[in-house]
Amino acid sequence: TPDGAALLLTADEGREFAALWRLDLATGTRTTVLTPDWDILGAHYSRSGKYLVVAINEEAKYLNRVYDAATMAELPMPGMPPGLVRGKSG
């Protein structure tokens with residue numbers, strides 16, 4: 001996380017697909033962040049910490065979804081290229 005208090009990780013514990021989890025480094029507590037019906041490949045915060053970009057494998061198609069990090073509301077991203085975008089910054 002941008003504040004260094006937690007790590008984001010993916011795991012399929014208790015489900016068929018990999019979900020996104022938050023691991024609190026001080027307490028070891030894990031909380032679920034996102035559980036789509038597809039595998040999450042990874043996630044990355046924007047530099048400001050305002051946005052969370054999540055890479056998802058949806059039926060063998062790699063998709064990037066952008067969320068408001070505070071609310072986890074998905075944000076529309078017109079013009080985002082199809083496929084896995086490997087270079088993320090800012």
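Scanning both residues, Ala43 and Leu52, for their nearest heavy atoms gives CB-CD1, 4.0 Å. In terms of heavy-atom proximity, Phe17 sits nearest to Asp37 at CE1-O, 3.3 Å. Contact detail for Ala19 and Thr35: the closest heavy-atom pair is CB-CG2, 3.7 Å. Nearest heavy atoms, Thr10 versus Leu20: CG2-CD1, 4.2 Å. Across Gly49 and Ala69, no two heavy atoms sit closer than the pair O-CB, 3.3 Å.
Note on Met72: it clusters hydrophobically with Leu8, by side-chain heavy-atom contacts below 4.5 Å among ILVMFWY residues. No continuous path of hydrophobic side-chain contacts links Leu34 to Leu7 [ILVMFWY only; heavy atoms under 4.5 Å].
At least one side-chain heavy atom of Arg30 sits less than 4.5 Å from a side-chain heavy atom of Glu13. Looking at heavy atoms from C-beta onward, Tyr62 lies out of side-chain contact with Ile56 at the 4.5 angstrom threshold. In this structure, the side chains of Arg22 and Thr29 stay at 4.5 Å or more apart for every pair of heavy atoms. With contacts defined as side-chain heavy-atom distances shorter than 4.5 Å, the pair Asn64/Val54 does not qualify.
Rounding to the nearest 0.5 Å places NZ of Lys50 at 7.0 Å from CG of Asp68. Taking CD of Glu16 as the reference point, atom CH2 of Trp38 lies at 9.5 Å (rounded to 0.5 Å). Summarising the geometry, atom CG belonging to Asn57 is positioned 11.0 Å from atom CD1 belonging to Ile40; distances are rounded to the nearest 0.5 Å.
By the side chain to side chain donor-acceptor pair (under 3.5 Å) test, Glu59 pairs with no residue at all, sequence neighbours left out. Take Asp3 and apply the side chain to side chain donor-acceptor pair (under 3.5 Å) test, not counting sequence neighbours, and it matches Thr1. Every side chain to side chain contact (heavy atoms under 4.5 Å, CB included) that Leu9 has, sequence neighbours left out, goes to Ala11, Trp21, Leu23.
When atom types are taken as modelled, the side chain of Asp39 and the backbone of Ala18 share a donor-acceptor pair closer than 3.5 angstrom. For the pair Asp12 (side chain) and Arg15 (backbone), a donor-acceptor distance under 3.5 Å is absent.
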